[in-house]
2 protein chains.
Amino acid sequence: MATAAGVSYQTVSRVINGHPSVRPSTREQVLAAIDELGFRRNATALALASGRRRAVTVLTSNTTHHGYASILQGVEEAARTASYAVGIGVLESAEDTAVAAGVQRAADAGGGIIVIAYDPAGVRALAAVPAGLPVVGVVETPASPPGGDRPWVWADDREAAYQATRHLLDLGHETVHYVAIPSGTRRTSARTSGWRQALREAGAPEPRPVQSSWGPAGGHAAGRKLAEDRSVTAILCGNDDLALGVLRALHETGRAVPGEVSVAGFDDAPHSAFLTPSLTTVRLDFAGLGRAAFALLHGVLEESAPVAPHPVSVPELVVRESSGPPPPDA
Amino acid sequence: MATAAGVSYQTVSRVINGHPSVRPSTREQVLAAIDELGFRRNATALALASGRRRAVTVLTSNTTHHGYASILQGVEEAARTASYAVGIGVLESAEDTAVAAGVQRAADAGGGIIVIAYDPAGVRALAAVPAGLPVVGVVETPASPPGGDRPWVWADDREAAYQATRHLLDLGHETVHYVAIPSGTRRTSARTSGWRQALREAGAPEPRPVQSSWGPAGGHAAGRKLAEDRSVTAILCGNDDLALGVLRALHETGRAVPGEVSVAGFDDAPHSAFLTPSLTTVRLDFAGLGRAAFALLHGVLEESAPVAPHPVSVPELVVRESSGPPPPDA
DNA sequence: GCGCCTTGTGTGACCGGTCACATTCATGCC
DNA sequence: GGCATGAATGTGACCGGTCACACAAGGCGC
């Protein structure tokens with residue numbers, strides 16, 4: 001474009017990049033030509049020449065889970081505002097080769113990487129990102145995970161679990177059972193430890209957490225098991241999908257919610273408010289988390305970018321119909 | 001890398017691209033060097049030089065809806081297999097400027113574009129893609145929409161709606177009311193017309209569809225309205241989220257499902273099987289749709305790629321608890 | 001034994017930008 | 001008036017590859 005329309009060639013570059021020493025009249029000429037020809041600078045060439053890619057790749061094991069999808073949406077929103085392209089890589093499994101392949105792909109894409117490190121695949125991927133690459137992890141627990149020294153953002157899952165458990169205990173339940181999502185690390189998950197802390201503080205017995213999966217099917221299985229135990233009056237679930245399965249299992253076994261058993265979830269998925277009974281849960285701002293992750297990464301990539309101390313979104317307990325006092329005879 | 005390790009420079013390129021005339025011994029040398037140095041060809045440089053980007057950008061108005069997220073996951077899966085990078089662009093709204101900006105971003109990314117054109121924003125985006133750019137639309141209705149001549153894939157929504165409506169009519173309902181998702185086009189949506197066709201064939205009265213939104217809140221509002229009308233005994237919803245809201249509204253107004261009113265959804269979202277009552281719905285293979293979209297785009301981008309006549313996934317009716325015969329006195 | 005075709009490899013230009021440096025020109029100061 | 005100074009612009013190299021050639025060596029036919 002340059003030469004033909006305006007007068008020079010490098011000057012175009014200067015105009016685009018807002019270089020100060022360009023005569024106003026020249027600038028306008030170039031601008032006019034740009035406008036007329038509908039010129040857009042080639043992102044690929046720019047990336048090659050400058051070495052920077054203005055792109056971020058989100059690495060995750062799944063795009064359909066509510067939390068993950070919301071984080072992705074948050075990242076995209078922030079990236080769009082900053083004129084960054086957003087790429088996505090799905091980790092096929094937690095196997096080393098699959099994880100390595102995923103990281104490779106993200107690295108090949110150039111730009112920064114955001115890893116959703118809530119589950120085993122994500123945690124391993126975060127750890128597998130070669131040092132030196134700009135990366136931010138969205139983690140459950142901040143205390144140096146395997147991919148330790150990397151910057152991260154998090155929602156305070158521990159606090160959230162604590163709040164939900166407290167809520168149930170305050171209603172008068174003797175203790176609260178916990179159906180856990182798969183943990184990303186070998187160590188106790190933040191959610192589990194928040195739950196445990198609340199129990200300890202209340203001097204309540206600590207039942208063994210029921211390990212489950214991510215989806216409602218897992219919750220259903222766990223719920224069937226817990227339903228057998230008549231002493232169970234309160235169940236906290238690692239996420240709302242799990243809670244849905246538990247609710248269903250309780251229904252099938254004829255246990256009333258919240259009459260006999262109270263159930264609380266985690267995440268406040270969009271459908272949770274409309275279940276019957278509607279689900280008591282803890283709202284987590286995943287989209288905000290995604291935005292924060294991008295902001296942090298942006299700061300890593302460009303020192304000029306705002307490096308706001310990443311705002312830990314405060315979880316908010318949402319009390320609905322699925323929780324209530326324990327039955328009088330319990 | 002080249003020169004240092006092996007012997008030449010261009011030869012490396014030949015080896016990588018599997019050019020036939022390279023002496024086996026040379027090839028092995030180069031291969032060894034590549035392996036040793038952990039060399040990976042720079043995707044950016046490749047894109048610049050070759051003009052092709054081996055990437056696909058998915059343009060959508062939302063990443064969190066079940067169907068959309070599943071399509072994205074399907075695209076990613078197929079793209080991963082073909083060593084394509086996957087980008088994502090979210091359309092902020094259906095406003096012309098927002099749509100144009102989204103399309104620009106996708107175009108700037110290079111490579112191909114897949115537009116999820118189920119809603120107004122998506123439909124407009126598909127239409128706004130400049131001719132000549134490789135694009136595939138995931139559409140609701142194939143018959144030349146505004147972005148007419150562009151290749152597309154679809155699930156047979158019409159047939160799906162027809163099946164669901166038939167199912168309810170076969171149970172003995174006099175007619176079936178319909179809660180509609182926002183249509184992408186001004187014309188009647190495929191789902192609506194499938195529903196209508198079933199009614200006509202059965203000689204059933206055709207109530208006016210209730211226009212709603214995408215989420216459960218919209219379904220809830222629609223459900224409240226329909227619940228007032230005691231003659232309503234069967235409701236088909238444009239998607240499972242809507243159905244969830246309807247279910248909730250019916251519960252709130254004391255109408256039994258399926259005792260008094262039957263409800264059917266659309267999509268078979270993961271939670272639908274676990275609702276109480278579990279939801280009768282039509283399963284659509286969104287992930288498969290995403291894979292098909294990519295395959296088609298791949299064919300457009302590389303003539304060598306398999307151009308399988310895109311497999312229209314057949315919708316499958318899943319009958320669960322939420323549908324049953326109408327009450328005897330209706 | 002010579003020309004010719006085929007095979008393997010190297011060279012130079014180019015993709016569309018950025019960067020470091022050279023150049024031109026007007027200005028201000030002594 | 002001569003000269004350093006800074007603003008405005010142009011030039012050449014380069015980012016890391018691909019592509020269209022040129023070119024050397026070996027095998028074949030006559």
Side-chain angles (χ1 to χ4, degrees), chain A residues 1-34 37-55 83-85 104-105 107-111 132-134 301-304, chain B residues 1-34 37-55 83-85 104-105 107-111 132-134 301-304:
Chain A
M1 102 112 202
T3 39
V7 249
S8 58
Y9 125 1
Q10 161 70 298
T11 309
V12 176
S13 176
R14 284 196 247 270
V15 170
I16 292 179
N17 296 317
H19 190 96
S21 51
V22 174
R23 191 182 303 152
S25 64
T26 312
R27 164 170 294 124
E28 275 181 52
Q29 266 181 22
V30 175
L31 248 30
I34 285 179
L37 278 70
F39 172 84
R40 313 213 85 211
R41 66 129 113 40
N42 180 317
T44 303
L46 185 147
L48 181 59
S50 70
R52 273 160 307 194
R53 175 100 155 70
R54 290 190 79 78
S83 299
Y84 268 57
Q104 276 287 17
R105 270 164 51 82
D108 284 352
L133 253 51
L301 291 169
E302 307 177 23
E303 55 282 355
S304 65
Chain B
M1 100 112 200
T3 40
V7 249
S8 58
Y9 128 165
Q10 161 69 300
T11 308
V12 176
S13 176
R14 285 196 246 268
V15 170
I16 292 178
N17 296 318
H19 189 97
S21 51
V22 173
R23 190 182 303 153
S25 64
T26 312
R27 165 170 294 126
E28 274 182 53
Q29 265 181 24
V30 175
L31 248 30
I34 284 178
L37 277 70
F39 172 84
R40 315 213 84 210
R41 63 131 112 45
N42 181 318
T44 304
L46 185 146
L48 181 59
S50 70
R52 273 160 306 194
R53 176 105 155 68
R54 291 191 76 80
S83 300
Y84 268 58
Q104 276 287 14
R105 271 164 50 79
D108 284 353
L133 254 50
L301 291 169
E302 308 177 22
E303 55 282 358
S304 66

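Just the heavy atoms: all of them, side chains too, but no hydrogens, waters or symmetry mates, feed the values below. Residue numbering restarts at 1 for every chain, and letters A, B, ... go by the order of the sequence lines.
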Let's go through B:V30 and B:V22 carefully: what are the C-alpha distance in whole Å and the side-chain angles of both, what is the deciding distance for side-chain contact (heavy atoms from CB on, under 4.5 Å) to 0.1 Å, and is it a yes or a no? CA-CA 10 Å; B:V30 175; B:V22 173; over 6 Å; no
How about CD on A:E28, more than 12 heavy atoms from neighbouring residues, nucleotides or ligands closer than 6.0 Å, or not?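 Counting other residues, nucleotides and ligands, CD of A:E28 stays at 12 neighbours or fewer.
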In Å and rounded to the nearest 0.5 Å, what is the [atom1] to [atom2] distance from [X] to [Y]?
X     : Y      : atom1 : atom2 : result
B:N42 : B:R40  : CG    : CZ    : 11.5 Å
B:R52 : A:T44  : CZ    : OG1   : 13.5 Å
A:T11 : A:Q29  : OG1   : CD    : 10.0 Å
A:R54 : B:D108 : CZ    : CG    : 12.0 Å

Would you indicate what B:T11 reaches in the nucleic acid, counting non-hydrogen atoms under 4.0 angstrom: base, sugar-phosphate, or nothing?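 Sugar-phosphate, no base atom in range.
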Which part of the nucleic acid, if any, lies within contact of A:R27, taking any heavy atom under 4.0 Å across all strands shown: a base, the sugar-phosphate backbone alone, or nothing?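 Nothing, no nucleic acid heavy atom in range.
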Give me the distances for all protein-to-nucleotides 14-17 of chain C N/O pairs that come in under 3.5 Å?
{"from": "C:dC15", "atom 1": "O2", "to": "B:A49", "atom 2": "N", "distance (Å)": "3.4"}
{"from": "C:dG17", "atom 1": "OP1", "to": "A:N42", "atom 2": "N", "distance (Å)": "3.2"}

For the pair B:R105 (side chain) and A:Y84 (backbone), establish whether a donor and an acceptor sit closer than 3.5 Å, ignoring hydrogens and angles.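 A pair under 3.5 Å: yes.
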Between A:R52 and C:dC19, is there a side-chain N or O to OP1/OP2 distance below 4.0 Å?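 It does, given that an N or O in the side chain of A:R52 lies less than 4.0 Å from OP1 or OP2 of C:dC19.
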Would one find a side-chain N or O of A:S21 under 4.0 angstrom from OP1 or OP2 of D:dT9?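 A:S21 to D:dT9 OP1/OP2: no side-chain N or O under 4.0 Å.
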B:R14 (side chain) and C:dG10 (base): donor-acceptor pair under 3.5 Å: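 Side chain to base: pair present.
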Would you please test B:H19 and B:R27 for side-chain contact (heavy atoms from CB on, under 4.5 Å) and show each step? CA-CA 10 Å; B:H19 189 97; B:R27 165 170 294 126; 5.7 Å; no
Could you state the CD-P distance from B:Q10 to C:dT9, rounded to the nearest angstrom?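 Rounding to the nearest Å, CD of B:Q10 and P of C:dT9 are 12 Å apart.
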Quickly work out the A:H19 NE2 to D:dA8 P distance and round it to whole Å.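 Roughly 9 Å, once rounded to whole Å.
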Looking at five pairs on each end of the helix from C:dG1-D:dC30 to C:dC30-D:dG1, what is the angle between the two axes, given to 10 degrees?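 Between the first-five-pair axis and the last-five-pair axis there is 50°.
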